[in-house]
Amino acid sequence: MPQRPRLSRAARVAAAADVADLRLLASRRAPRMVFDYVDGAAEGERSMARAVEAFQRVEFRPHVLRDVSEAATAVEILGRRIAMPVVLGPTGFTRMMHRAGERAVARAAEQAGVPYTLSTMGTTTAADVAAAAPGGWNWFQLYVVRDRARTLETLALAREAGMDVLVVTVDVPVAGARLRDVRHGLTVPPSLRWRSVLQAVRHPAWWFDFLTGEPLRFATVDGAPDDLAGITNMMFDPSVTMADLEWIRSAWQGRLLVKGVQRVDDAKELASAGVDGLVVSNHGGRQLDRAPTPLELLPDVVAAVGERTEVFLDGGVRTGADIAAALALGARACFVGRAYLYGLMAGGEPGVRRVLELLRAELVRTLQLLGVAGVAELGPDAVRLR
(Lines give C-alpha, C1' and ligand atoms only; values in the text may rest on other atoms or scores of the structure.)
Protein backbone atom coordinates (compact mmCIF):
# COMPACT_ATOMS: atom_id res chain seq x y z
CA MET A 1 0.00 0.00 0.00
CA PRO A 2 1.25 3.51 -0.78
CA GLN A 3 2.24 5.51 2.27
CA ARG A 4 0.22 8.59 3.08
CA PRO A 5 2.21 11.80 2.54
CA ARG A 6 3.74 13.27 5.70
CA LEU A 7 1.97 16.44 6.76
CA SER A 8 3.99 19.63 6.98
CA ARG A 9 4.35 21.29 10.38
CA ALA A 10 1.99 24.05 9.29
CA ALA A 11 -0.62 21.48 8.30
CA ARG A 12 -0.25 19.67 11.62
CA VAL A 13 -0.70 22.94 13.51
CA ALA A 14 -3.80 23.74 11.49
CA ALA A 15 -5.19 20.24 12.12
CA ALA A 16 -4.62 20.33 15.90
CA ALA A 17 -7.82 19.24 17.64
CA ASP A 18 -7.03 20.89 20.98
CA VAL A 19 -4.30 22.62 22.97
CA ALA A 20 -2.94 19.22 24.05
CA ASP A 21 -2.15 18.45 20.39
CA LEU A 22 -0.24 21.74 20.11
CA ARG A 23 1.61 20.98 23.34
CA LEU A 24 2.80 17.72 21.79
CA LEU A 25 3.90 19.48 18.60
CA ALA A 26 5.71 22.09 20.71
CA SER A 27 7.59 19.38 22.61
CA ARG A 28 8.81 17.96 19.31
CA ARG A 29 9.92 21.28 17.80
CA ALA A 30 11.55 23.07 20.74
CA PRO A 31 14.61 21.86 22.64
CA ARG A 32 13.77 20.20 25.93
CA MET A 33 15.14 23.07 28.04
CA VAL A 34 12.94 25.61 26.19
CA PHE A 35 9.82 23.44 26.29
CA ASP A 36 10.34 22.75 29.98
CA TYR A 37 10.71 26.46 30.71
CA VAL A 38 7.10 26.85 29.53
CA ASP A 39 5.77 23.51 30.72
CA GLY A 40 7.37 23.47 34.14
CA ALA A 41 6.60 25.11 37.46
CA ALA A 42 8.07 25.56 40.93
CA GLU A 43 9.52 22.80 43.09
CA GLY A 44 7.20 19.74 43.01
CA GLU A 45 4.85 21.48 40.54
CA ARG A 46 1.85 20.81 42.77
CA SER A 47 0.32 24.27 42.37
CA MET A 48 0.29 23.94 38.59
CA ALA A 49 -1.12 20.41 38.68
CA ARG A 50 -3.87 21.38 41.11
CA ALA A 51 -4.91 24.35 38.96
CA VAL A 52 -5.42 22.06 35.97
CA GLU A 53 -7.00 19.32 38.06
CA ALA A 54 -9.59 21.73 39.48
CA PHE A 55 -11.04 22.20 36.01
CA GLN A 56 -11.22 18.43 35.63
CA ARG A 57 -13.50 18.36 38.67
CA VAL A 58 -15.98 20.77 37.06
CA GLU A 59 -19.46 19.36 36.57
CA PHE A 60 -21.79 21.33 34.31
CA ARG A 61 -25.56 21.47 34.86
CA PRO A 62 -27.10 22.04 31.41
CA HIS A 63 -30.56 23.22 30.51
CA VAL A 64 -32.37 21.51 27.65
CA LEU A 65 -34.94 22.68 25.12
CA ARG A 66 -33.43 26.15 24.82
CA ASP A 67 -32.75 28.11 21.64
CA VAL A 68 -28.99 27.99 21.24
CA SER A 69 -28.81 28.66 17.52
CA GLU A 70 -26.49 31.48 18.52
CA ALA A 71 -24.03 31.58 21.41
CA ALA A 72 -22.58 35.05 21.99
CA THR A 73 -19.02 35.12 23.31
CA ALA A 74 -18.41 38.88 23.44
CA VAL A 75 -18.03 40.46 26.86
CA GLU A 76 -17.23 43.89 28.28
CA ILE A 77 -14.20 44.27 30.51
CA LEU A 78 -12.72 47.49 31.84
CA GLY A 79 -15.20 49.51 29.83
CA ARG A 80 -14.41 47.93 26.46
CA ARG A 81 -16.01 45.10 24.52
CA ILE A 82 -13.87 42.15 23.42
CA ALA A 83 -14.73 39.21 21.17
CA MET A 84 -14.47 36.56 23.88
CA PRO A 85 -13.56 36.51 27.58
CA VAL A 86 -9.86 35.83 27.05
CA VAL A 87 -6.77 37.90 27.81
CA LEU A 88 -3.43 36.69 26.49
CA GLY A 89 -1.35 37.00 29.62
CA PRO A 90 2.22 38.24 30.10
CA THR A 91 5.04 35.77 29.51
CA GLY A 92 8.77 36.35 29.76
CA PHE A 93 11.39 35.58 27.08
CA THR A 94 8.69 34.97 24.45
CA ARG A 95 11.09 35.09 21.49
CA MET A 96 12.88 32.12 23.05
CA MET A 97 9.84 30.00 22.16
CA HIS A 98 9.77 31.22 18.54
CA ARG A 99 11.62 33.97 16.73
CA ALA A 100 8.32 35.75 15.94
CA GLY A 101 7.78 36.20 19.68
CA GLU A 102 5.62 38.93 21.14
CA ARG A 103 4.85 40.47 17.76
CA ALA A 104 3.20 37.26 16.59
CA VAL A 105 1.17 36.94 19.79
CA ALA A 106 -0.01 40.55 19.56
CA ARG A 107 -1.07 40.12 15.92
CA ALA A 108 -2.99 36.93 16.73
CA ALA A 109 -4.74 38.67 19.63
CA GLU A 110 -5.61 41.62 17.40
CA GLN A 111 -7.14 39.30 14.81
CA ALA A 112 -9.15 37.45 17.48
CA GLY A 113 -10.36 40.65 19.12
CA VAL A 114 -8.85 40.00 22.56
CA PRO A 115 -6.22 41.86 24.62
CA TYR A 116 -2.54 40.99 24.70
CA THR A 117 -0.33 41.77 27.72
CA LEU A 118 3.36 42.51 27.16
CA SER A 119 5.63 41.44 30.03
CA THR A 120 8.30 43.49 31.75
CA MET A 121 10.48 40.45 31.03
CA GLY A 122 9.51 40.45 27.36
CA THR A 123 11.93 40.37 24.46
CA THR A 124 10.16 42.99 22.33
CA THR A 125 9.63 46.66 23.14
CA ALA A 126 6.22 48.18 23.77
CA ALA A 127 6.69 50.35 20.68
CA ASP A 128 7.40 47.31 18.49
CA VAL A 129 4.34 45.47 19.83
CA ALA A 130 2.18 48.52 19.08
CA ALA A 131 3.61 48.69 15.56
CA ALA A 132 2.95 44.99 14.98
CA ALA A 133 -0.68 45.19 16.15
CA PRO A 134 -1.76 48.83 15.84
CA GLY A 135 -5.45 47.94 16.01
CA GLY A 136 -5.10 45.60 18.97
CA TRP A 137 -5.82 46.26 22.63
CA ASN A 138 -2.28 46.00 23.98
CA TRP A 139 -1.71 45.98 27.75
CA PHE A 140 1.50 46.15 29.78
CA GLN A 141 2.53 44.04 32.77
CA LEU A 142 4.78 45.56 35.41
CA TYR A 143 7.16 44.11 37.96
CA VAL A 144 8.24 46.73 40.48
CA VAL A 145 12.04 46.81 40.43
CA ARG A 146 14.43 48.27 42.96
CA ASP A 147 15.20 51.27 40.75
CA ARG A 148 11.98 53.32 40.95
CA ALA A 149 13.21 55.72 38.28
CA ARG A 150 13.41 52.80 35.87
CA THR A 151 9.84 51.86 36.78
CA LEU A 152 8.69 55.37 35.82
CA GLU A 153 10.61 55.15 32.53
CA THR A 154 8.99 51.81 31.80
CA LEU A 155 5.50 53.20 32.44
CA ALA A 156 6.23 56.17 30.19
CA LEU A 157 7.28 53.88 27.33
CA ALA A 158 4.11 51.82 27.73
CA ARG A 159 1.95 54.95 27.64
CA GLU A 160 3.79 56.26 24.57
CA ALA A 161 2.99 52.95 22.86
CA GLY A 162 -0.72 53.49 23.50
CA MET A 163 -1.08 50.91 26.26
CA ASP A 164 -3.87 51.95 28.61
CA VAL A 165 -4.13 48.96 30.97
CA LEU A 166 -1.39 48.17 33.47
CA VAL A 167 -1.20 44.73 35.09
CA VAL A 168 0.94 44.86 38.24
CA THR A 169 2.18 41.40 39.23
CA VAL A 170 2.63 41.16 43.00
CA ASP A 171 3.51 37.52 43.69
CA VAL A 172 7.23 37.67 42.82
CA PRO A 173 9.04 39.21 45.80
CA VAL A 174 11.77 36.66 45.03
CA ALA A 175 12.14 34.01 42.33
CA GLY A 176 10.44 30.66 42.74
CA ALA A 177 12.55 27.50 42.51
CA ARG A 178 11.84 26.22 38.98
CA LEU A 179 13.74 22.99 39.21
CA ARG A 180 13.43 21.95 35.57
CA ASP A 181 15.32 25.13 34.61
CA VAL A 182 17.94 24.46 37.27
CA ARG A 183 18.49 20.91 36.05
CA HIS A 184 18.82 22.05 32.44
CA GLY A 185 21.10 24.93 33.35
CA LEU A 186 18.82 27.16 31.27
CA THR A 187 20.24 30.52 30.27
CA VAL A 188 18.72 33.41 28.34
CA PRO A 189 19.62 33.26 25.56
CA PRO A 190 20.15 29.48 25.49
CA SER A 191 23.86 28.79 25.19
CA LEU A 192 25.47 26.13 23.04
CA ARG A 193 26.86 24.01 25.84
CA TRP A 194 27.32 20.31 25.35
CA ARG A 195 23.74 19.52 26.38
CA SER A 196 22.24 22.08 24.02
CA VAL A 197 24.47 20.93 21.16
CA LEU A 198 22.86 17.51 21.47
CA GLN A 199 19.42 19.16 21.52
CA ALA A 200 20.35 21.22 18.44
CA VAL A 201 20.86 18.01 16.49
CA ARG A 202 17.41 16.78 17.50
CA HIS A 203 15.62 20.13 16.96
CA PRO A 204 17.34 21.74 13.94
CA ALA A 205 14.40 23.95 12.91
CA TRP A 206 14.25 25.70 16.28
CA TRP A 207 18.02 26.19 16.43
CA PHE A 208 18.14 27.53 12.86
CA ASP A 209 15.50 30.12 13.75
CA PHE A 210 17.31 30.99 16.96
CA LEU A 211 20.76 31.33 15.42
CA THR A 212 19.62 33.32 12.37
CA GLY A 213 17.04 35.52 14.07
CA GLU A 214 17.30 38.79 15.97
CA PRO A 215 19.53 38.33 19.05
CA LEU A 216 17.51 37.41 22.11
CA ARG A 217 17.63 40.03 24.87
CA PHE A 218 15.35 41.65 27.40
CA ALA A 219 13.61 44.66 25.91
CA THR A 220 12.76 46.44 29.17
CA VAL A 221 15.38 45.30 31.70
CA ASP A 222 19.03 45.41 30.74
CA GLY A 223 21.12 42.57 29.42
CA ALA A 224 20.76 38.87 28.82
CA PRO A 225 21.65 37.14 32.09
CA ASP A 226 22.99 33.65 32.51
CA ASP A 227 20.94 33.02 35.65
CA LEU A 228 17.16 33.54 35.44
CA ALA A 229 16.56 33.37 39.18
CA GLY A 230 19.55 35.65 39.69
CA ILE A 231 18.18 38.51 37.63
CA THR A 232 14.79 38.16 39.33
CA ASN A 233 16.35 38.49 42.75
CA MET A 234 18.63 41.31 41.58
CA MET A 235 16.01 43.38 39.77
CA PHE A 236 12.79 42.82 41.69
CA ASP A 237 12.11 44.37 45.05
CA PRO A 238 10.99 42.15 47.97
CA SER A 239 10.12 45.25 50.02
CA VAL A 240 7.15 46.31 47.85
CA THR A 241 4.02 47.14 49.87
CA MET A 242 0.61 48.72 49.38
CA ALA A 243 2.30 52.12 49.57
CA ASP A 244 4.24 51.28 46.40
CA LEU A 245 1.03 50.25 44.68
CA GLU A 246 -0.50 53.59 45.59
CA TRP A 247 2.60 55.27 44.14
CA ILE A 248 2.14 53.35 40.89
CA ARG A 249 -1.53 54.32 40.84
CA SER A 250 -0.53 58.00 41.08
CA ALA A 251 1.95 57.60 38.22
CA TRP A 252 -0.36 55.67 35.88
CA GLN A 253 -3.37 57.35 34.30
CA GLY A 254 -4.96 54.25 32.75
CA ARG A 255 -6.71 51.21 34.17
CA LEU A 256 -4.86 49.24 36.85
CA LEU A 257 -5.12 45.49 37.52
CA VAL A 258 -3.31 43.58 40.25
CA LYS A 259 -2.27 40.03 39.35
CA GLY A 260 -1.33 37.40 41.90
CA VAL A 261 -4.20 37.62 44.41
CA GLN A 262 -4.33 34.45 46.52
CA ARG A 263 -6.31 35.48 49.62
CA VAL A 264 -9.72 37.04 50.18
CA ASP A 265 -8.43 39.56 52.73
CA ASP A 266 -5.81 40.79 50.25
CA ALA A 267 -8.55 41.08 47.62
CA LYS A 268 -10.61 43.23 49.99
CA GLU A 269 -7.67 45.52 50.74
CA LEU A 270 -6.91 45.97 47.05
CA ALA A 271 -10.55 46.66 46.21
CA SER A 272 -10.64 49.27 48.96
CA ALA A 273 -7.56 50.87 47.38
CA GLY A 274 -9.57 51.40 44.21
CA VAL A 275 -7.87 49.12 41.71
CA ASP A 276 -9.88 48.46 38.56
CA GLY A 277 -9.45 44.71 38.60
CA LEU A 278 -7.94 41.72 40.41
CA VAL A 279 -6.45 38.61 38.83
CA VAL A 280 -6.82 35.54 41.02
CA SER A 281 -3.57 33.78 40.18
CA ASN A 282 -0.73 31.73 41.64
CA HIS A 283 1.59 32.62 38.75
CA GLY A 284 0.86 29.37 36.96
CA GLY A 285 2.40 27.50 39.88
CA ARG A 286 5.78 29.02 39.06
CA GLN A 287 6.33 30.80 42.37
CA LEU A 288 5.04 29.25 45.61
CA ASP A 289 4.38 25.53 45.43
CA ARG A 290 1.23 24.39 47.30
CA ALA A 291 -0.30 27.83 46.67
CA PRO A 292 -4.09 28.26 46.57
CA THR A 293 -5.84 26.86 43.51
CA PRO A 294 -7.26 29.80 41.54
CA LEU A 295 -10.54 28.20 40.42
CA GLU A 296 -11.33 27.08 43.98
CA LEU A 297 -10.56 30.53 45.41
CA LEU A 298 -12.42 32.44 42.70
CA PRO A 299 -16.02 32.28 44.09
CA ASP A 300 -14.94 33.58 47.50
CA VAL A 301 -13.05 36.51 45.96
CA VAL A 302 -16.00 37.36 43.70
CA ALA A 303 -18.38 37.24 46.66
CA ALA A 304 -16.12 39.55 48.65
CA VAL A 305 -15.22 42.20 46.05
CA GLY A 306 -17.04 41.44 42.81
CA GLU A 307 -19.41 44.38 43.17
CA ARG A 308 -16.52 46.83 43.62
CA THR A 309 -13.92 45.60 41.14
CA GLU A 310 -13.64 43.25 38.18
CA VAL A 311 -12.26 39.80 38.97
CA PHE A 312 -10.28 37.74 36.46
CA LEU A 313 -8.95 34.18 36.66
CA ASP A 314 -5.48 32.99 35.72
CA GLY A 315 -4.18 29.45 35.96
CA GLY A 316 -4.99 26.05 34.49
CA VAL A 317 -7.07 27.29 31.53
CA ARG A 318 -6.57 24.96 28.59
CA THR A 319 -10.01 24.78 26.90
CA GLY A 320 -13.06 26.84 26.09
CA ALA A 321 -14.99 24.71 28.58
CA ASP A 322 -12.55 25.89 31.27
CA ILE A 323 -13.37 29.47 30.33
CA ALA A 324 -17.11 28.78 30.59
CA ALA A 325 -16.62 27.23 34.04
CA ALA A 326 -14.61 30.20 35.30
CA LEU A 327 -17.20 32.67 34.05
CA ALA A 328 -19.98 30.68 35.68
CA LEU A 329 -18.07 30.95 38.96
CA GLY A 330 -17.83 34.72 38.61
CA ALA A 331 -14.77 35.62 36.53
CA ARG A 332 -15.11 38.45 34.01
CA ALA A 333 -12.53 36.82 31.73
CA CYS A 334 -9.61 34.38 31.86
CA PHE A 335 -5.92 35.04 31.40
CA VAL A 336 -4.26 32.42 29.19
CA GLY A 337 -0.50 31.86 29.16
CA ARG A 338 0.88 28.36 28.64
CA ALA A 339 -1.80 27.47 26.10
CA TYR A 340 -0.78 30.14 23.62
CA LEU A 341 2.92 29.52 24.24
CA TYR A 342 2.40 25.90 23.19
CA GLY A 343 0.89 27.22 19.97
CA LEU A 344 3.73 29.68 19.48
CA MET A 345 6.38 27.00 19.99
CA ALA A 346 4.56 24.61 17.69
CA GLY A 347 4.02 26.95 14.78
CA GLY A 348 4.67 30.64 15.40
CA GLU A 349 1.83 33.07 14.76
CA PRO A 350 -0.41 30.46 13.06
CA GLY A 351 -0.02 28.34 16.19
CA VAL A 352 -1.24 31.15 18.44
CA ARG A 353 -4.13 31.80 16.07
CA ARG A 354 -5.03 28.12 16.19
CA VAL A 355 -5.14 28.21 19.99
CA LEU A 356 -7.54 31.16 19.90
CA GLU A 357 -9.69 29.45 17.26
CA LEU A 358 -9.88 26.33 19.39
CA LEU A 359 -10.75 28.22 22.57
CA ARG A 360 -13.54 30.10 20.83
CA ALA A 361 -14.98 27.00 19.15
CA GLU A 362 -14.87 25.06 22.42
CA LEU A 363 -16.49 27.94 24.29
CA VAL A 364 -19.31 28.26 21.76
CA ARG A 365 -19.96 24.51 21.80
CA THR A 366 -19.97 24.44 25.61
CA LEU A 367 -22.44 27.32 25.78
CA GLN A 368 -24.76 25.59 23.32
CA LEU A 369 -24.59 22.28 25.17
CA LEU A 370 -25.26 24.12 28.44
CA GLY A 371 -28.42 25.54 26.92
CA VAL A 372 -27.38 29.19 27.17
CA ALA A 373 -27.35 31.75 24.38
CA GLY A 374 -24.21 33.52 25.49
CA VAL A 375 -21.62 34.08 28.19
CA ALA A 376 -23.86 36.68 29.85
CA GLU A 377 -26.24 33.88 30.88
CA LEU A 378 -23.60 31.89 32.74
CA GLY A 379 -24.01 31.77 36.51
CA PRO A 380 -23.30 29.60 39.56
CA ASP A 381 -26.30 27.39 38.80
CA ALA A 382 -24.53 26.15 35.66
CA VAL A 383 -21.57 24.52 37.36
CA ARG A 384 -20.22 22.90 40.49
CA LEU A 385 -16.86 21.53 41.59
CA ARG A 386 -17.15 17.84 42.43
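Computation of the quantities below employed the complete heavy-atom set of this structure, encompassing side-chain atoms and omitting hydrogens, waters and symmetry-equivalent molecules.
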Hey, can you pull the donor-acceptor pairs under 3.5 Å for the side chains in residues 379-386, sequence neighbours left out?
unit_1 : atom_1 : unit_2 : atom_2 : d
Arg384 : NE     : Glu59  : OE2    : 2.7
Arg384 : NH2    : Glu59  : OE2    : 3.0
Arg386 : NH1    : Glu59  : OE1    : 2.4

Are Asp21 and Leu358 side-chain neighbours, meaning at least one heavy-atom pair lies under 4.5 Å? no
Considering only heavy atoms from C-beta outward, does the side chain of Thr319 approach that of Val19 to under 4.5 Å? no
Is a salt bridge present between Arg180 and Glu45, judged by a nitrogen-to-oxygen distance below 4.0 Å? yes
Is it true that Arg255 and Glu310 make a salt bridge, defined as a side-chain N closer than 4.0 Å to a carboxylate O? no
Listed partners of Ala373 passing side chain to side chain contact (heavy atoms under 4.5 Å, CB included), at least two apart: Glu377
Is a salt bridge present between Asp244 and Arg148, judged by a nitrogen-to-oxygen distance below 4.0 Å? yes
Is Arg23 paired with Asp18 through a side-chain N to carboxylate O contact shorter than 4.0 Å? no
Please list all pairs passing the ring-ring contact (aromatic ring centres under 6.0 Å, His included) test where one or both residues lie in residues 46-92, with sequence neighbours left out. none
Measure the CD-CE distance between Glu102 and Met97 for me, rounded to the nearest 0.5 Å. 8.5 Å
For Asp266, check salt bridge (charged side-chain N to carboxylate O under 4.0 Å, His left out) against everything at least two apart and list the hits. none
Is the shortest heavy-atom distance from the side chain of Leu270 to the side chain of Met242 under 4.5 Å? yes
Is there a side-chain contact (heavy atoms from CB on, under 4.5 Å) between Val105 and Val129? Walk through the geometry before answering. CA-CA 9 Å; Val105 182; Val129 165; over 6 Å; no
For Glu53, salt bridge (charged side-chain N to carboxylate O under 4.0 Å, His left out) partners two or more places apart: Arg57
Under the salt bridge (charged side-chain N to carboxylate O under 4.0 Å, His left out) rule, collect the residues that match up with Asp171, sequence neighbours excluded. none
Honestly curious: do Val317 and Leu363 fall in one hydrophobic cluster under the side-chain, below-4.5 Å linking rule? yes
Ion pair present between Arg183 and Asp36, side-chain N to carboxylate O less than 4.0 angstrom? no
Side-chain polar contacts of residues 69-83 - donor-acceptor pairs under 3.5 angstrom, sequence neighbours left out - could you list them?
unit_1 : atom_1 : unit_2 : atom_2 : d
Ser69  : OG     : Asp67  : OD1    : 2.8
Thr73  : OG1    : Ala83  : O      : 2.7

Is Met163 reachable from Val145 through a run of hydrophobic residues whose side-chain heavy atoms are each under 4.5 Å from the next? yes
If only atom types and distance count, is the side chain of Asp276 paired as donor or acceptor with the main-chain N or O of Leu257 below 3.5 Å? no
The criterion is ring pair (Phe, Tyr, Trp, His ring centres under 6.0 Å); which residues satisfy it with Trp137, sequence neighbours excluded? Trp139
For residues 111-118, which side-chain N or O atoms pair as donor and acceptor with protein atoms under 3.5 Å away, sequence neighbours left out?
unit_1 : atom_1 : unit_2 : atom_2 : d
Gln111 : OE1    : Arg353 : NE     : 3.3
Thr117 : OG1    : Leu88  : O      : 3.2

List the residues meeting salt bridge (charged side-chain N to carboxylate O under 4.0 Å, His left out) with Arg12, not counting sequence neighbours, and say none if there are none. none
Give the C-alpha distance, both sets of side-chain angles, the deciding distance and a yes or no for side-chain contact (heavy atoms from CB on, under 4.5 Å) between Thr120 and Phe140. CA-CA 8 Å; Thr120 296; Phe140 188 78; 3.9 Å; yes
Where do Met48 and Arg338 land on the side-chain contact (heavy atoms from CB on, under 4.5 Å) test, with the steps shown first? CA-CA 11 Å; Met48 177 180 67; Arg338 280 188 179 89; 3.2 Å; yes
State whether the side chain of Ser281 and the backbone N or O of His283 hold a donor-acceptor pair below 3.5 Å, judged by distance alone. yes
With sequence neighbours left out, which residue pairs that include part of residues 355-375 fulfil the side-chain hydrogen bond (donor to acceptor under 3.5 Å, both in side chains) condition? Arg354-Glu357
Chi angles and distances behind the side-chain contact (heavy atoms from CB on, under 4.5 Å) call for Arg50, Arg290: CA-CA 9 Å; Arg50 289 173 183 173; Arg290 302 182 178 90; 4.1 Å; yes
Where at least one partner belongs to residues 143-169, residue pairs that pass ring-ring contact (aromatic ring centres under 6.0 Å, His included), sequence neighbours excluded: Tyr143-Phe236
Closest heavy-atom pair and its distance - Arg29, Trp206: NH1-CD1, 3.3 Å
Give a yes or no on whether the backbone of Thr124 and the side-chain of Asp128 come within a donor-acceptor separation of less than 3.5 Å. no
